[in-house]
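Encoded as C-alpha coordinates, the structure appears first; notes follow it.
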Amino acid sequence: MRSDTAASTARIFTRLFQMRFAIRRMEGVEAYGGDVYKSLTADNTSAYNCRRAGQINAPFAQSPHANGRAIDINPVENPWKDPRCRCWSPTGTHAARTPGPGKILKNDPVWRLFDNEGWIWQNIDVPDYMHFDTGYPSKPYQPAQPSQRQ
(Lines give C-alpha, C1' and ligand atoms only; values in the text may rest on other atoms or scores of the structure.)
Protein backbone atom coordinates (compact mmCIF):
# COMPACT_ATOMS: atom_id res chain seq x y z
CA MET A 1 0.00 0.00 0.00
CA ARG A 2 1.01 3.59 -0.43
CA SER A 3 2.04 5.59 2.62
CA ASP A 4 -1.12 7.74 2.46
CA THR A 5 -3.32 4.63 2.78
CA ALA A 6 -1.23 2.63 5.26
CA ALA A 7 -2.86 3.73 8.53
CA SER A 8 -6.38 3.37 7.15
CA THR A 9 -5.60 -0.04 5.67
CA ALA A 10 -4.15 -1.22 8.99
CA ARG A 11 -7.28 -0.06 10.86
CA ILE A 12 -9.57 -1.75 8.35
CA PHE A 13 -7.77 -5.11 8.35
CA THR A 14 -7.38 -5.09 12.13
CA ARG A 15 -11.14 -4.64 12.39
CA LEU A 16 -11.83 -7.30 9.74
CA PHE A 17 -9.70 -9.71 11.79
CA GLN A 18 -11.59 -8.78 14.98
CA MET A 19 -14.89 -9.33 13.15
CA ARG A 20 -13.61 -12.75 12.02
CA PHE A 21 -14.38 -11.79 8.43
CA ALA A 22 -13.30 -14.73 6.24
CA ILE A 23 -10.35 -13.98 3.95
CA ARG A 24 -9.15 -17.06 2.10
CA ARG A 25 -5.69 -15.88 1.03
CA MET A 26 -3.61 -12.69 1.21
CA GLU A 27 -0.35 -12.65 -0.75
CA GLY A 28 1.46 -10.07 -2.84
CA VAL A 29 0.63 -10.37 -6.54
CA GLU A 30 4.30 -11.11 -7.17
CA ALA A 31 3.52 -14.59 -5.81
CA TYR A 32 1.55 -15.00 -9.06
CA GLY A 33 4.22 -13.52 -11.32
CA GLY A 34 2.36 -10.20 -11.31
CA ASP A 35 -0.52 -11.82 -13.20
CA VAL A 36 -3.71 -10.37 -11.80
CA TYR A 37 -5.92 -13.11 -13.29
CA LYS A 38 -3.88 -15.84 -11.57
CA SER A 39 -4.21 -13.91 -8.31
CA LEU A 40 -7.97 -13.55 -8.78
CA THR A 41 -8.54 -17.24 -9.56
CA ALA A 42 -6.55 -18.17 -6.44
CA ASP A 43 -9.08 -16.11 -4.43
CA ASN A 44 -6.23 -13.88 -3.31
CA THR A 45 -7.01 -10.66 -1.48
CA SER A 46 -4.48 -8.18 -2.84
CA ALA A 47 -3.69 -4.53 -3.31
CA TYR A 48 -0.62 -3.16 -5.09
CA ASN A 49 -0.01 -4.38 -8.66
CA CYS A 50 1.74 -2.29 -11.31
CA ARG A 51 -0.66 -3.57 -14.00
CA ARG A 52 1.31 -4.16 -17.17
CA ALA A 53 -0.21 -2.92 -20.43
CA GLY A 54 -3.08 -5.17 -21.51
CA GLN A 55 -3.90 -6.29 -17.97
CA ILE A 56 -7.02 -5.37 -16.06
CA ASN A 57 -7.15 -1.75 -14.90
CA ALA A 58 -4.26 -0.44 -17.01
CA PRO A 59 -2.74 2.07 -17.73
CA PHE A 60 -0.65 2.16 -14.62
CA ALA A 61 -0.60 5.97 -14.35
CA GLN A 62 -4.35 6.01 -13.60
CA SER A 63 -4.76 2.67 -11.87
CA PRO A 64 -5.44 2.80 -8.13
CA HIS A 65 -3.88 -0.69 -7.90
CA ALA A 66 -0.70 0.46 -9.63
CA ASN A 67 -0.50 3.39 -7.24
CA GLY A 68 -1.11 1.40 -4.05
CA ARG A 69 -4.57 2.84 -3.46
CA ALA A 70 -6.88 -0.11 -4.11
CA ILE A 71 -7.74 -3.40 -2.44
CA ASP A 72 -9.48 -6.46 -3.92
CA ILE A 73 -11.04 -8.71 -1.28
CA ASN A 74 -11.98 -12.37 -1.85
CA PRO A 75 -12.29 -12.25 -5.66
CA VAL A 76 -14.10 -15.59 -5.93
CA GLU A 77 -16.79 -14.55 -3.44
CA ASN A 78 -16.84 -10.98 -4.80
CA PRO A 79 -16.32 -11.20 -8.58
CA TRP A 80 -16.32 -8.41 -11.12
CA LYS A 81 -17.92 -8.19 -14.56
CA ASP A 82 -15.08 -7.89 -17.06
CA PRO A 83 -16.30 -5.56 -19.83
CA ARG A 84 -13.87 -7.10 -22.32
CA CYS A 85 -15.73 -10.44 -22.33
CA ARG A 86 -18.90 -9.42 -20.46
CA CYS A 87 -18.22 -12.32 -18.15
CA TRP A 88 -17.79 -12.65 -14.40
CA SER A 89 -14.17 -12.89 -13.29
CA PRO A 90 -12.71 -14.97 -11.85
CA THR A 91 -16.04 -16.88 -11.82
CA GLY A 92 -19.74 -16.10 -11.63
CA THR A 93 -20.41 -18.67 -8.91
CA HIS A 94 -20.97 -15.94 -6.30
CA ALA A 95 -22.14 -13.11 -8.55
CA ALA A 96 -25.53 -12.94 -6.83
CA ARG A 97 -25.31 -10.50 -3.94
CA THR A 98 -26.64 -12.75 -1.22
CA PRO A 99 -25.03 -12.96 2.22
CA GLY A 100 -22.31 -15.54 2.68
CA PRO A 101 -18.85 -16.06 4.17
CA GLY A 102 -16.32 -13.63 2.74
CA LYS A 103 -18.89 -11.75 0.65
CA ILE A 104 -19.30 -7.98 0.56
CA LEU A 105 -22.70 -6.37 0.12
CA LYS A 106 -23.64 -2.70 0.05
CA ASN A 107 -24.24 -1.35 3.57
CA ASP A 108 -22.96 -4.53 5.26
CA PRO A 109 -20.37 -4.24 8.06
CA VAL A 110 -17.39 -4.61 5.68
CA TRP A 111 -18.78 -2.00 3.28
CA ARG A 112 -19.45 0.40 6.19
CA LEU A 113 -15.96 -0.13 7.59
CA PHE A 114 -14.33 0.93 4.30
CA ASP A 115 -16.89 3.69 3.67
CA ASN A 116 -16.32 5.17 7.14
CA GLU A 117 -12.62 5.37 6.32
CA GLY A 118 -13.28 7.20 3.03
CA TRP A 119 -12.78 4.31 0.59
CA ILE A 120 -15.03 3.88 -2.46
CA TRP A 121 -16.60 0.52 -3.38
CA GLN A 122 -16.84 -0.58 -7.04
CA ASN A 123 -15.52 2.68 -8.43
CA ILE A 124 -16.05 1.72 -12.07
CA ASP A 125 -18.98 1.37 -14.49
CA VAL A 126 -19.37 -2.41 -14.11
CA PRO A 127 -20.06 -4.52 -11.01
CA ASP A 128 -16.78 -5.06 -9.14
CA TYR A 129 -17.74 -6.46 -5.76
CA MET A 130 -14.17 -7.14 -4.57
CA HIS A 131 -12.82 -3.64 -5.19
CA PHE A 132 -12.28 -0.66 -2.89
CA ASP A 133 -10.15 2.35 -3.83
CA THR A 134 -9.49 5.99 -2.97
CA GLY A 135 -10.65 7.31 -6.35
CA TYR A 136 -10.25 6.69 -10.05
CA PRO A 137 -8.09 7.77 -11.66
CA SER A 138 -5.80 7.16 -8.69
CA LYS A 139 -6.25 9.86 -6.07
CA PRO A 140 -4.49 10.42 -2.75
CA TYR A 141 -6.35 9.02 0.24
CA GLN A 142 -8.64 11.48 2.00
CA PRO A 143 -10.27 10.38 5.25
CA ALA A 144 -14.06 10.50 5.14
CA GLN A 145 -15.70 13.53 6.63
CA PRO A 146 -18.68 12.82 8.88
CA SER A 147 -21.01 14.57 6.40
CA GLN A 148 -19.82 12.26 3.58
CA ARG A 149 -20.62 9.04 5.41
CA GLN A 150 -23.76 7.18 4.46
Side-chain angles (χ1 to χ4, degrees), residues 1-2 5 8-139 141 144 148-150:
M1 296 307 303
R2 198 167 183 115
T5 64
S8 175
T9 302
R11 283 190 299 274
I12 289 168
F13 278 87
T14 297
R15 186 69 188 118
L16 290 173
F17 178 78
Q18 292 168 343
M19 292 166 45
R20 300 189 187 281
F21 179 74
I23 293 178
R24 183 177 311 275
R25 177 174 287 117
M26 196 178 325
E27 301 175 301
V29 179
E30 61 273 11
Y32 304 89
D35 186 319
V36 70
Y37 186 72
K38 287 180 183 176
S39 176
L40 294 176
T41 57
D43 205 11
N44 185 46
T45 293
S46 65
Y48 176 76
N49 185 349
C50 67
R51 304 291 171 113
R52 297 182 307 265
Q55 280 193 311
I56 299 166
N57 202 8
F60 71 89
Q62 295 180 343
S63 168
H65 280 287
N67 287 282
R69 295 182 175 123
I71 301 170
D72 288 342
I73 299 176
N74 294 338
V76 169
E77 293 82 358
N78 302 294
W80 82 296
K81 191 114 183 216
D82 187 333
R84 298 171 297 181
C85 61
R86 297 182 187 173
C87 59
W88 289 100
S89 182
T91 174
T93 303
H94 298 286
R97 293 293 81 197
T98 55
K103 290 178 96 173
I104 301 165
L105 290 87
K106 187 169 184 171
N107 294 316
D108 77 2
V110 175
W111 183 92
R112 285 194 308 270
L113 181 60
F114 275 90
D115 185 66
N116 287 340
E117 286 278 342
W119 291 76
I120 304 163
W121 189 48
Q122 308 190 71
N123 196 20
I124 59 174
D125 294 333
V126 297
D128 190 355
Y129 303 127
M130 70 182 87
H131 183 86
F132 290 92
D133 66 41
T134 62
Y136 187 87
S138 183
K139 295 178 182 160
Y141 172 71
Q148 293 175 321
R149 295 180 183 157
Q150 297 179 0

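All residue numbers in this chain count up from 1 along the given sequence.
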Any idea which heavy atoms bring [X] and [Y] closest together, and the distance?
| X | Y | answer |
| --- | --- | --- |
| Tyr141 | Arg11 | OH-NH2, 4.1 Å |
| Pro79 | Ala95 | CG-CA, 3.9 Å |
| Pro90 | Pro75 | CD-O, 3.3 Å |
| Tyr32 | Arg25 | OH-CD, 2.9 Å |

When rounded to the nearest 0.5 angstrom, what distance separates [atom1] in [X] from [atom2] in [Y]?
| X | Y | atom1 | atom2 | value |
| --- | --- | --- | --- | --- |
| Arg2 | Ser8 | CZ | OG | 15.0 Å |
| Ile71 | Tyr48 | CD1 | OH | 15.0 Å |
| Lys106 | Asp115 | NZ | CG | 8.5 Å |
| Thr45 | Asp72 | OG1 | CG | 8.0 Å |
| Asp133 | Phe114 | CG | CZ | 10.5 Å |
| Glu117 | Ile120 | CD | CD1 | 13.5 Å |

Side chain proximity check, [X] to [Y], heavy atoms < 4.5 angstrom:
| X | Y | value |
| --- | --- | --- |
| Pro101 | Glu77 | no |
| Trp119 | Thr9 | yes |
| Leu40 | Met130 | yes |
| Lys103 | Asn74 | no |
| Val126 | Trp80 | yes |
| Leu113 | Phe21 | no |
| Asp82 | Tyr37 | no |
| Asn78 | Arg97 | yes |

Exercise for the section: Mind checking salt bridge (Lys or Arg N to Asp or Glu O under 4.0 Å) for Asp43 and listing every partner two or more places apart, or none if nothing turns up? Expected result: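 Asp43: salt bridge (Lys or Arg N to Asp or Glu O under 4.0 Å) contacts with Arg24.
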Handout entry: Side-chain donor-acceptor pair present, Thr5, Arg69, cut-off under 3.5 Å
Key =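 On atom types as modelled, these side chains do not qualify, holding no pair under 3.5 Å.
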Exercise for the section: Check side-chain contact (heavy atoms from CB on, under 4.5 Å) between Thr14 and all other residues, then give those that pass, not counting sequence neighbours. Expected result: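 Listed in chain order: Gln18.
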Exercise for the section: For residues 69-99, pull every pair meeting disulfide (SG to SG under 2.5 Å), keeping only residues two or more places apart or in separate chains. Expected result: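 Sorted pair list: Cys85-Cys87.
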Handout entry: Parallel, tilted or perpendicular, as decided by the 30° and 60° cut-offs, for the rings of Trp88 and Tyr129
Key =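 Taking Trp88 first and then Tyr129, their aromatic rings lie parallel (interplane angle under 30°).
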